[in-house]
Amino acid sequence: MLEYKTVENEASDFFIEKKSRFIGYVCPVKTQEEAQAFINKIKSKHWDATHNVSAFVLRENNIQRCSDDGEPSGTAGVPVLDVILKAGIVDVCVVATRYFGGTLLGAGGLVRAYSHTSKIALESGNIITMAQCSILETTVDYSFYERMNTMLSEFNANIFNTEFADNVKITFSVKEAYQEALEDKLTDISGGMYSINFIKSEFAKA
């Protein structure tokens with residue numbers, strides 16, 4: 001897998017459906033243990049909720065799990081999981097907390113409500129693409145700094161750190177497929193004055 005989608009942050013969002021309050025929580029996770037710890041944390045936080053429905057998808061071994069947590073079978077956990085799968089998002093856990101408002105939603109209503117809860121939870125976590133990237137650094141003069149920044153933007157680089165001293169040292173990542181073209185362009189524009197140092201290769205935000 002050269003790239004995949006996940007969420008960047010732990011986050012939440014909510015909405016009201018016929019007086020029932022649905023809160024969607026999301027968290028990036030790498031293991032079943034991390035997913036279960038997040039589920040337990042939300043269950044502890046909302047111990048008085050009517051239901052704490054959950055689902056998670058992990059890249060490793062293609063693990064997918066969901067729980068209806070007392071809702072009618074197939075009306076809660078499966079819809080939450082289905083939204084994650086259709087969005088192509090992995091290494092993620094979603095918990096959909098419901099406080100019952102007194103009006104029954106019916107099976108179709110529950111499916112729609114939990115699907116929407118999963119969707120807004122994922123969006124709140126900021127969906128990002130992770131790709132095999134080269135972690136690189138370069139040192140340039142202050143006179144070239146703005147042009148370097150513009151060039152990095154053109155190659156969709158993510159800047160991790162910028163150190164301002166006698167010169168400017170920039171640490172950043174780009175998709176591996178872009179590295180050679182970036183190096184060639186820097187050499188061309190700077191007349192060979194500046195070069196890029198390779199640090200390592202890893203999955204990073206693309």
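These numbers were taken from a predicted model, which means no experiment stands behind them.
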Undergrad: Ring centroid separation for Phe22 and Phe14, is it under 6.0 angstrom?
TA: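 So the answer is no for these two rings.
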Undergrad: We want to know whether Gln32 and Gln36 form a side-chain donor-acceptor pair, criterion being a heavy-atom distance below 3.5 angstrom.
TA: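 No, no side-chain donor-acceptor pair sits under 3.5 Å.
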Undergrad: Quick one, Val57 and Ile89 - any side-chain contact, counting heavy atoms below 4.5 Å?
TA: no
Undergrad: Determine the minimum heavy-atom distance between Ile39 and Cys93, stating which atoms define it.
TA: CG1-SG, 3.7 Å
Undergrad: Does some side-chain heavy atom of Ile159 sit less than 4.5 Å from a side-chain heavy atom of Thr171?
TA: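 Thr171 vs Ile159: side chains apart.
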Undergrad: Do Tyr4 and Leu122 belong to the same hydrophobic cluster, where Ile, Leu, Val, Met, Phe, Trp and Tyr are linked whenever their side-chain heavy atoms lie under 4.5 Å apart, directly or via other members?
TA: yes
Undergrad: Specify the closest pair of heavy atoms between Pro79 and Ser115, including all atoms of both residues, with the distance to one decimal.
TA: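 Distance-wise, the nearest heavy atoms are CB-OG, 3.4 Å.
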Undergrad: Give a yes-or-no answer on whether the side chains of Arg98 and Thr50 include a donor-acceptor pair shorter than 3.5 Å.
TA: no
Undergrad: Please evaluate residues Ser134 and Phe198 with respect to the criterion side chain to side chain contact (heavy atoms under 4.5 Å, CB included), reporting the C-alpha separation (whole Å), side-chain torsions for both, the decisive distance (0.1 Å), and the verdict.
TA: CA-CA 7 Å; Ser134 296; Phe198 175 81; 4.0 Å; yes
Undergrad: Assert yes or no for the condition that the ring centre distance of Tyr145 to Phe164 is strictly below 6.0 Å.
TA: yes
Undergrad: Walk me through whether Asn52 and Thr97 qualify under side-chain hydrogen bond (donor to acceptor under 3.5 Å, both in side chains).
TA: CA-CA 4 Å; Asn52 285 293; Thr97 297; 2.7 Å; yes
Undergrad: Is Leu81 reachable from Ile127 through a run of I, L, V, M, F, W or Y residues, each pair having side-chain heavy atoms under 4.5 Å apart?
TA: yes
Undergrad: Side-chain contact test, heavy atoms from C-beta onward, threshold under 4.5 Å: evaluate it for Ile170 versus Leu152 and give yes or no.
TA: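 A side-chain contact under 4.5 Å exists here.
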Undergrad: Tell me whether the guanidinium CZ or amine NZ of Arg21 lies under 6.0 angstrom from the six-membered ring centre of Phe15 and within 45° of its axis.
TA: no
Undergrad: Applying side chain to side chain donor-acceptor pair (under 3.5 Å), name anything that partners Asn61, two or more places apart in sequence or on another chain.
TA: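 Partners of Asn61 by the side chain to side chain donor-acceptor pair (under 3.5 Å) criterion come out as none, since no residue qualifies.
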Undergrad: Any side-chain heavy atom of Ile63 sitting closer than 4.5 Å to one from Phe56?
TA: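 In contact.
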Undergrad: Can you get from Ile196 to Val140 by hopping between Ile, Leu, Val, Met, Phe, Trp and Tyr side chains that sit under 4.5 Å apart?
TA: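 Cluster IDs for Ile196 and Val140 match.
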Undergrad: Do Val168 and Tyr142 have side chains that approach each other closer than 4.5 Å (heavy atoms only, starting at C-beta)?
TA: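 Yes; the side chains approach each other to less than 4.5 Å.
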Undergrad: Regarding Lys205 and Glu8, does a basic nitrogen lie under 4.0 Å from an acidic carboxylate oxygen?
TA: yes
Undergrad: Distance from Ser190 atom OG to Phe144 atom CZ, nearest 0.5 Å?
TA: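 Answer for the OG-CZ pair, Ser190 versus Phe144, is 5.0 Å.
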Undergrad: Should the heavy atoms of other residues, nucleotides or ligands under 6.0 Å from CG of Asp166 be counted, would the total exceed 12?
TA: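 No, CG of Asp166 has 12 or fewer neighbouring heavy atoms, counting only those of other groups under 6.0 Å.
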Undergrad: Could you please spell out the steps behind the side chain to side chain contact (heavy atoms under 4.5 Å, CB included) verdict for Asn197 and Thr138?
TA: CA-CA 6 Å; Asn197 298 319; Thr138 187; over 6 Å; no
Undergrad: Quick one: does Leu186's side chain get under 4.5 Å of Met148's, heavy atoms only?
TA: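 Sidechains of Met148 and Leu186: in contact.
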Undergrad: Check Ser67 against Val53 and note the closest heavy-atom contact, atom names and distance.
TA: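 Looks like O-CG1, 3.1 Å.
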Undergrad: Would Val95 end up clustered with Val83 when hydrophobic side chains under 4.5 Å apart are linked, directly or stepwise?
TA: no
Undergrad: Between Leu182 and Met151, is the side chain to side chain contact (heavy atoms under 4.5 Å, CB included) condition met? List the steps.
TA: CA-CA 8 Å; Leu182 174 59; Met151 197 186 317; 3.8 Å; yes
Undergrad: Please round to the nearest 0.5 Å and tell me the distance separating atom NZ of Lys45 and atom CD1 of Ile23.
TA: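 Nearest 0.5 Å value for the NZ-CD1 distance: 7.5 Å.
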Undergrad: Tell me, with the steps shown, if Asn161 and Glu163 meet side chain to side chain contact (heavy atoms under 4.5 Å, CB included).
TA: CA-CA 7 Å; Asn161 189 45; Glu163 296 179 19; 3.3 Å; yes
Undergrad: Assess, by modelled atom type and distance only, whether the side chains of Asp91 and Thr6 contain a donor and an acceptor separated by less than 3.5 Å.
TA: no
Undergrad: Is a donor from one side chain sitting under 3.5 angstrom from an acceptor on the other, for Glu3 and Thr129?
TA: no
Undergrad: When you measure from the side chain of Asp68 to the backbone of Gly74, do you find a donor-acceptor pair of N or O atoms at a distance under 3.5 Å?
TA: yes
Undergrad: Quick one: closest heavy-atom pair of Ala11 and Ser124, and the distance?
TA: CB-O, 3.2 Å
Undergrad: Using distance alone, with no hydrogens and no angle criterion, decide if Gln132 and Ser201 have a side-chain donor and acceptor under 3.5 Å apart.
TA: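 Per modelled atom types, Gln132 and Ser201 side chains form a pair under 3.5 Å.
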Undergrad: Taking atom CD of Gln179 and atom SG of Cys133, what is their separation to the nearest 0.5 Å?
TA: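 These two atoms lie 10.5 Å from each other.
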Undergrad: With under 30° as parallel and over 60° as perpendicular, where do the rings of Tyr25 and Phe38 fit, or are they tilted in between?
TA: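 The rings of Tyr25 and Phe38 stand perpendicular, inter-plane angle above 60°.
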Undergrad: Report the distance from atom CD of Glu202 to atom CE of Met130, rounding to the nearest 0.5 Å.
TA: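 Glu202 CD to Met130 CE: 7.5 Å, rounded to 0.5 Å.
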Undergrad: For a 4.5 angstrom cut-off between non-hydrogen side-chain atoms, does Val29 reach Leu58?
TA: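 With C-beta onward as the side chain, the pair touches.
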Undergrad: Which heavy atom of Gly77 sits nearest to which heavy atom of Cys66, and what is that distance?
TA: O-CB, 3.5 Å
Undergrad: Output all residues satisfying side chain to side chain donor-acceptor pair (under 3.5 Å) with Tyr194, sequence neighbours left out; order by chain, then residue number.
TA: Asp141
Undergrad: Just verifying a value: how many Å separate Asn126 CG and Glu10 CD, rounded to the nearest 0.5 Å?
TA: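 The distance works out to 14.0 Å.
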Undergrad: Indicate yes or no for a side-chain donor-acceptor contact from Ser118 to the backbone of Tyr114 under 3.5 Å, with no hydrogens or angles considered.
TA: no
Undergrad: What is the minimum heavy-atom distance between Ile135 and Ala204, and which atoms define it?
TA: CD1-CB, 4.4 Å
Undergrad: Mind checking whether Tyr178 and Glu183 have side chains closer than 4.5 Å, heavy atoms only?
TA: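 Answer no - side chains too far apart.
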Undergrad: Is the distance between the ring centroids of His46 and Tyr99 less than 6.0 Å?
TA: yes
Undergrad: Is there a continuous path of hydrophobic side-chain contacts, each under 4.5 Å between heavy atoms, that joins Leu105 to Val111?
TA: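 Unlinked, Leu105 and Val111 end up in two clusters.
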Undergrad: Using only atom types and a distance under 3.5 Å, with no angle test, would you say the side chain of Thr75 pairs donor to acceptor with the backbone of Leu110?
TA: no
Undergrad: What I want to find out is whether Glu17 reaches Arg112 closely enough, with some N-O distance under 4.0 Å, to be called a salt bridge.
TA: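 Answer for the salt bridge query: no.
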Undergrad: Between atom NZ of Lys200 and atom CG of Leu136, what is the distance when rounded to the nearest 0.5 Å?
TA: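 Going from NZ on Lys200 over to CG on Leu136, the span is 12.0 Å.
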